[in-house]
Amino acid sequence: MQFSGNKRRKLKLAGDQKNACYPHSLQFYLQPPSENVSLIEFENMAVDRLKLLKVVENLGVSYVKGTEQYQNKLESEIRKLKFSYRENLEDEYEPRRKDHISHFILRLAYCQSEDLRRWFIQQEMDLLRFRFSILPKDKIQSFLKDSHLQFEAISDAEKTHRDQDIIASSSSGGIKLDLELVYKLTTRSLPTVQSDERLQPLLNHLSHSYTGQDYSAQGNSGKISLDQIDSLAAKSFPPCMRHLHRVLRESHHLRHGGRMQYGLFLKGIGLTLEQALHFWKQEFVKGKMDPDKFDKGYSYNIRHSYGKEGKRTDYTPFSCMKIILTNPPGQGDYHGCPFRHSDPELLKQKLQSYKVSPAGISEILDLVKGSHYQVACQKYFEIIHKVDDCGFSLNHPNQFFFESQRMLAGGKDPKKEPGLPETPQPRPGAAGTPKAREAPSALPALSSSMEVDLEGLEAPSALPALNPSMEVDLEGLEAYFSS
Ligand code: SF4
């Protein structure tokens, strides 16, 4: 990958050239993007596509795919995020360019593990299916031709002859043969991602980043008292944190992964450093730990996570993606995401103990079976709060907590209370430009992860070293990963 602070290779295209670049709203691009984009644009495009794919996932489990409601909602989200979707719209160059570049970035970021690949391909397939379905009939053939896809429409006679086979093979369970063109070899045709198998850690964090608010402690600090924690855990903690809290209360100990995950969550909901030291010491001493040993061995780590030791990095609570995709729990660990890391039978028992109804449990287990872990957690949220639609897309355990508190307070938004941050706060080593501070949270999150890395808590990343004013040479990026 190459980064350049002075070389500008922006595409300056006239109208016709722009149209020639992206002749269709849908694209199977044959060439990777080759222009330079700023790091901020690079990040914003990637985050917007992530948001879109999250919407695709949510809609896919909330509505029957292909129905009018599903199509309308998806179209409106695509429009909101300014991606291309309709063939005959005016002024489509920027949305199509964004479609091209953002797909390329996420393709690189999401090919790194089987879990990531499966999730990415599933959402992209659904998005593609929707966009293909609204392509005007007269454009389909030219789209296939321009994409070098050699699909041949079958004749009416063959269509009639093979109608039962065709209906059985259609994903919607039946197609209207009189209206549809049917193609031979109608297999899945997604851009291949195999060539990206050699990806380096450079894009790791993009695939683990999340697309919501920054849930750092700033502004919340001191908003809860220690004697509230037990009742808050039952009412408003997501299952991952509820579980860690219960284990800590019962066994008076948590291993490193659990302490990090739960400690940063508590910090994010408002535990001050003094409260955290008291809380953890009280529990560990109950577990027969010598108070001196706690002071020497553990209080340093707590002060460290509050930015009072070492590099003085103010660590942010972990997002769902980070919990789900990194550092899986081993024997004797209790961290992780129960929807991702628990045996289904154990998850079922846990949900029963949380008084989730049998019907609710079976809905949740179905979502888990389809690898929709965050959507399963959202369903859990809706069940325990007795709402049909929680109205948000879950990305973060602290988001779960704040949304729950907001709902329990009758809709009053705790995020709007004085002192609570609406926008990501700058972090040591994070981008310093005003634009970077306003940008979605991935960049600050990346930087704070880097600080964690340096303390030996995570694998190293190259991204935080980048200056946001620099540009990313997309052509160089492809070459880098192909070499
Ligand atoms: Fe926690 Fe997120 Fe998993 Fe819910 S989906 S249990 S909030 S990690």
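Counting starts at 1 for both ligands and their atoms, following the listed order.
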*Nearest heavy-atom neighbours spanning Phe130 and Ile78*: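 Looks like CE2-CD1, 3.5 Å.
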
*List the steps and the verdict of side-chain contact (heavy atoms from CB on, under 4.5 Å) for Trp280 and Phe294.*
CA-CA 9 Å; Trp280 289 98; Phe294 180 89; 3.8 Å; yes

*Show your working on ring-ring contact (aromatic ring centres under 6.0 Å, His included) between Phe120 and His103 and close with a plain yes or no.*
CA-CA 10 Å; Phe120 176 69; His103 182 278; 5.6 Å; yes

*So, is Cys337 placed with an N/O/S atom under 2.8 Å from atom 3 (Fe) of ligand 1, counting both backbone and side chain?*
yes

*For ligand 1, is any non-hydrogen atom under 4.0 Å from Phe339's backbone (N, CA, C, O), its side chain (CB onward), both, or neither?*
side chain

_Closer than 4.0 Å to some heavy atom of Pro338 - which atoms of ligand 1 meet that?_
6 (S)

_Proximal atoms of ligand 1 relative to Cys240 (non-hydrogen, under 4.0 Å)_ = 1 (Fe), 6 (S), 7 (S), 8 (S)

*Applying ring-ring contact (aromatic ring centres under 6.0 Å, His included) between Phe265 and each of Phe318, Phe237, Tyr315, report the one that passes.*
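Per the ring-ring contact (aromatic ring centres under 6.0 Å, His included) rule, the option paired with Phe265 is Phe237, out of Phe318, Phe237, Tyr315.
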
*Identify the closest protein heavy atom to atom 5 (S) of ligand 1: which residue and atom is it, and at what distance?*
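Nearest neighbour among protein heavy atoms for atom 5 (S) of ligand 1, to 0.1 Å: Cys377 CB, 3.5 Å.
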
*Heavy atom of the protein closest to atom 2 (Fe) of ligand 1 (residue, atom name, distance)*: Cys320 SG, 2.4 Å

*Can you find a non-hydrogen atom of Phe400 under 4.0 Å from ligand 1?*
no

*Is there a side-chain contact between Asp48 and Met45 (heavy atoms, below 4.5 Å)?*
no

*If the plane angle is over 60° it's perpendicular, under 30° parallel, otherwise tilted; pick one for Tyr298 and His253.*
perpendicular

